[in-house]
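I have placed the structure first, in the form of structure tokens, so that the comments after it can refer back to it.
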Amino acid sequence: MYIGVDYYPEHWPKDMMDQDLQGIKGLGSNMIRIGEFAWHLMEPKEGEFDFSFFDEVIKKAKEQGLYVMFGTPTATFPAWLAAKYPSILSEDESGNVRVFGGRRQYCFNSDVYRKYSAQITEKLLNHYRDEEAIVAWQIDNEFGHEGSDMCYCEKCHNAFQHFLAKKYESIDQLNETYGTIFWGQTYNDFSEIPVPKKTITTHNPSLQLDWARFRSHSVNSYAHEQTQIVRSLKGEHQLVTTNVSGGFFHKWFDHEENVKLMDFVSYDNYPVWGGLAEPIPPAAIAMTHDFNRGLLGKNYWIVEELMGAQGHNIIGYLPRPNQAKMWSYQAFAHGCTDLLYFRWRGMTKGAEQFCYGVVDHDNKYGRKYKEVQSVFTDIVQYENVLQSPIAAEVAALYDYDNIWSWRFQQQSADFDFTNELLRLYTPFFKLNTPIDVISTNRDFSTYKVLLVPALQIIDRDLGEKLTEFAANGGTIIFSFRAGLKDKTNNVHFKLTSPGYIAEACGIEISEIEALSSGQYVPLKGVGSKEGKTATCGVWRDILTPTTAEVLYKYEDPFYPEAAITKNDYMEGTVYYVGNGADESVLTDIARDVLTNNNMTFIESPDGVEVVKRTTTEGEFLFLMNHTAEDQVFEKFALKPYESKVVRL
Ligand code: GAL
């Protein structure tokens, strides 16, 4: 397995390199990740390529027995390129060009950028394809991060019009699909179509969704071009990856498509970032791992694992002693096989002065150094365990079309797709159940349980797939607004919601209400849930059961109708949670679902995560104490933020 740090030797005096590499080796590392922002160093002037600096880094790394992951440097282009071709710079919604100075400010639809970035990648690959020490290539750095997936420039505008012309063939077809008759928006020609920048009120929903698909196409066609170059030139011993950033459901590109040519997925795991007073909840961190494992349906790497406090401007929470270690164990538990910490040493100059690393600016090997050492010396014993596949029987489904559709029409001020996915995911996570987070494109027929949050776009095909899943004995938990729209982002006509899944759910949605921030509606258990009370926020569908059993009703004098239902559908069971129900309700349902499906789950104290992994050598438990208190799980005592692997 590969373990190590992200190292930027170009930031430091050259004569520090030997000592640094020895220090890195002293952590127990066997890998450094380098190069991803160093285009100027490799091509200081147009057409003058010079890899001598990295030749030396690699030579010295080899002397220490360190392998190398090398990043193609296209996330930060040289100043001379922007000066010569300002057209490579992307533009925000207000028409402001993103000037040279930050990073990732290139336009994915710039032919000039595509040409120059292809060239540097080719040169780099040709130079290092036979280098034994380089065992993995990272493409670019965090595609689409920090808002870089959105650009409204003229090149994007033209390319969007061509994208639509290709998709719809005739303008009449587009007009018909979008319903541009509304507000008299009929187009005579594709050249009249705008990019959906700010306007008065809002743009056509079908146009907006096509714009999101076009953004995704722009990012991914560039990513694929770069990946093909690397794949065609690399040495046989070299693998290809790209690093996925956090916030992936807030991005304008389909991640599954993005990584489809990669050998493995890499993830940058930052459970806390500048400005946050505390880390994101354990379930939210876990979900990001399950998402990354789901992208290629196999275990993955972490190439940036947080160790120190981080922030470009506002800094935030400082991980408590052993907390960053615990997040690493959590990553290993969820399928991470290889892990690199960000970064070897905090930099004294440049934009990331406050992104603290394993070592701080004073260059003393202190608390964090020892914490990393303790991870590396321990975890190498469990390589086989980390390699073992994770066999989840529960899958949470997402679909980027659906996510984008919600982003353009939020409908409820409190709606956020990630939160809605977590609403269904968290109860199963807390019962320590393995969960895959996968897109609706995947074959989900072999799972036992599907969690389907706020899937408002369900066309006939997907409706049939989901219905068949239930008919064959699967359990599905849908949450609100399901089945409202088709893939053009239009509302189904003459098809009562939840549309193509209505029969499987055994309900009809009679009316709906968006709940404002802080507005909660009481829920009252009935039948098998008699006596239980709860609340819901964000949204409520008012349900009329056709064949479903009612579990909860709204406590409301005007709409005292069904709020949550359960339907026995052929061999399976379909729950419909028509609102943002609170955790107690969903935990209760999760327990019922696991019990009824004869699936094992592990009860653990709140904040203690337990993951069981099985190999041919036996069973292992990963124990993670996410709390600041001492905890006990069965016979195992855990100090605050302690984590460990134990063999059963
Ligand atoms: C990541 C990025 C790194 C660095 C890091 C700071 O998103 O890939 O280059 O900026 O954040 O924490």
Side-chain angles (χ1 to χ4, degrees), residues 4-12 31-41 69-77 98 101-106 136-149 219 223 226 241-251 253 255 258-259 262 265-276 279-280 285 288-289 291-292 300-319 323-324 327-328 331 336 338-361 368 372:
V5 294
D6 303 315
Y7 182 40
Y8 301 93
E10 68 275 23
H11 295 173
W12 307 100
M31 176 174 267
I32 52 171
R33 169 174 166 265
I34 58 173
E36 76 272 20
F37 299 121
W39 186 339
H40 186 274
L41 200 56
M69 172 181 274
F70 207 116
T72 61
T74 48
T76 51
F77 47 81
R98 288 147 175 164
R103 62 174 169 182
R104 303 209 49 81
Q105 347 66 311
Y106 62 86
W137 289 102
Q138 171 192 306
I139 312 281
D140 201 281
N141 188 76
E142 295 190 331
F143 275 117
H145 199 37
E146 296 158 339
S148 60
D149 48 4
V219 176
Q226 282 286 313
T241 188
T242 189
N243 53 336
V244 176
S245 64
F248 35 77
F249 289 143
H250 288 93
K251 300 272 195 297
F253 69 101
H255 285 51
N258 184 259
V259 303
M262 306 295 166
V265 167
S266 295
Y267 177 50
D268 294 349
N269 186 33
Y270 291 89
V272 68
W273 175 250
L276 293 184
I280 60 171
I285 311 170
T288 69
H289 294 301
F291 169 88
N292 279 285
Y300 60 98
W301 293 29
I302 303 262
V303 296
E304 293 186 19
E305 176 77 24
L306 163 142
M307 185 35 73
Q310 303 287 309
H312 284 152
N313 181 7
I314 310 282
I315 312 173
Y317 180 91
L318 170 67
Q323 192 170 15
W327 287 327
S328 310
C336 165
D338 303 76
L339 179 142
L340 311 174
Y341 282 100
F342 184 84
R343 48 193 289 158
W344 164 238
R345 182 170 45 237
M347 175 53 168
T348 56
K349 303 175 185 175
E352 298 204 332
Q353 291 174 321
F354 307 136
C355 294
Y356 289 84
V358 176
V359 174
D360 291 334
H361 309 92
K368 290 177 288 174
V372 171

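As the structure lists them, so they are numbered: ligands from 1, and atoms in each ligand from 1. Note that this is a predicted model, so its numbers are computed, not measured.
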**Lys/Arg-Asp/Glu bridge criterion (N-O < 4.0 Å) met for R343, E352** = yes

**Pairing residues for H145 by the ring-ring contact (aromatic ring centres under 6.0 Å, His included) criterion, not counting sequence neighbours** = none

**Fill in**
The single option from V244, V265, V219 that satisfies side-chain contact (heavy atoms from CB on, under 4.5 Å) with N258 is V219

Could you tell me, for ligand 1, which of its N or O atoms are under 3.5 Å from any protein N or O, listing the pairs and their distances rounded to 0.1 Å?
from	atom 1	to	atom 2	distance (Å)
ligand 1	7 (O)	E142	OE1	2.5
ligand 1	7 (O)	E142	OE2	2.9
ligand 1	8 (O)	N141	ND2	3.0
ligand 1	8 (O)	E142	OE1	3.1
ligand 1	8 (O)	E142	OE2	3.2
ligand 1	8 (O)	E304	OE1	3.1
ligand 1	8 (O)	E304	OE2	2.8
ligand 1	9 (O)	R103	NH1	2.9
ligand 1	10 (O)	R103	NH1	3.2
ligand 1	10 (O)	R103	NH2	2.8
ligand 1	10 (O)	E352	OE1	3.2
ligand 1	10 (O)	E352	OE2	2.3
ligand 1	12 (O)	Y270	OH	3.4
ligand 1	12 (O)	Q310	OE1	2.5

**Partner of S245 by side-chain contact (heavy atoms from CB on, under 4.5 Å), out of E146, E304, K251** = K251

**Message:** In the structure I gave you, are the side-chain heavy atoms of D140 and R104 within less than 4.5 Å of one another anywhere?
**Reply:** yes

**Prompt:** Is the Y8 ring parallel, tilted or perpendicular to the H11 ring (thresholds 30°, 60°)?
**Reply:** parallel

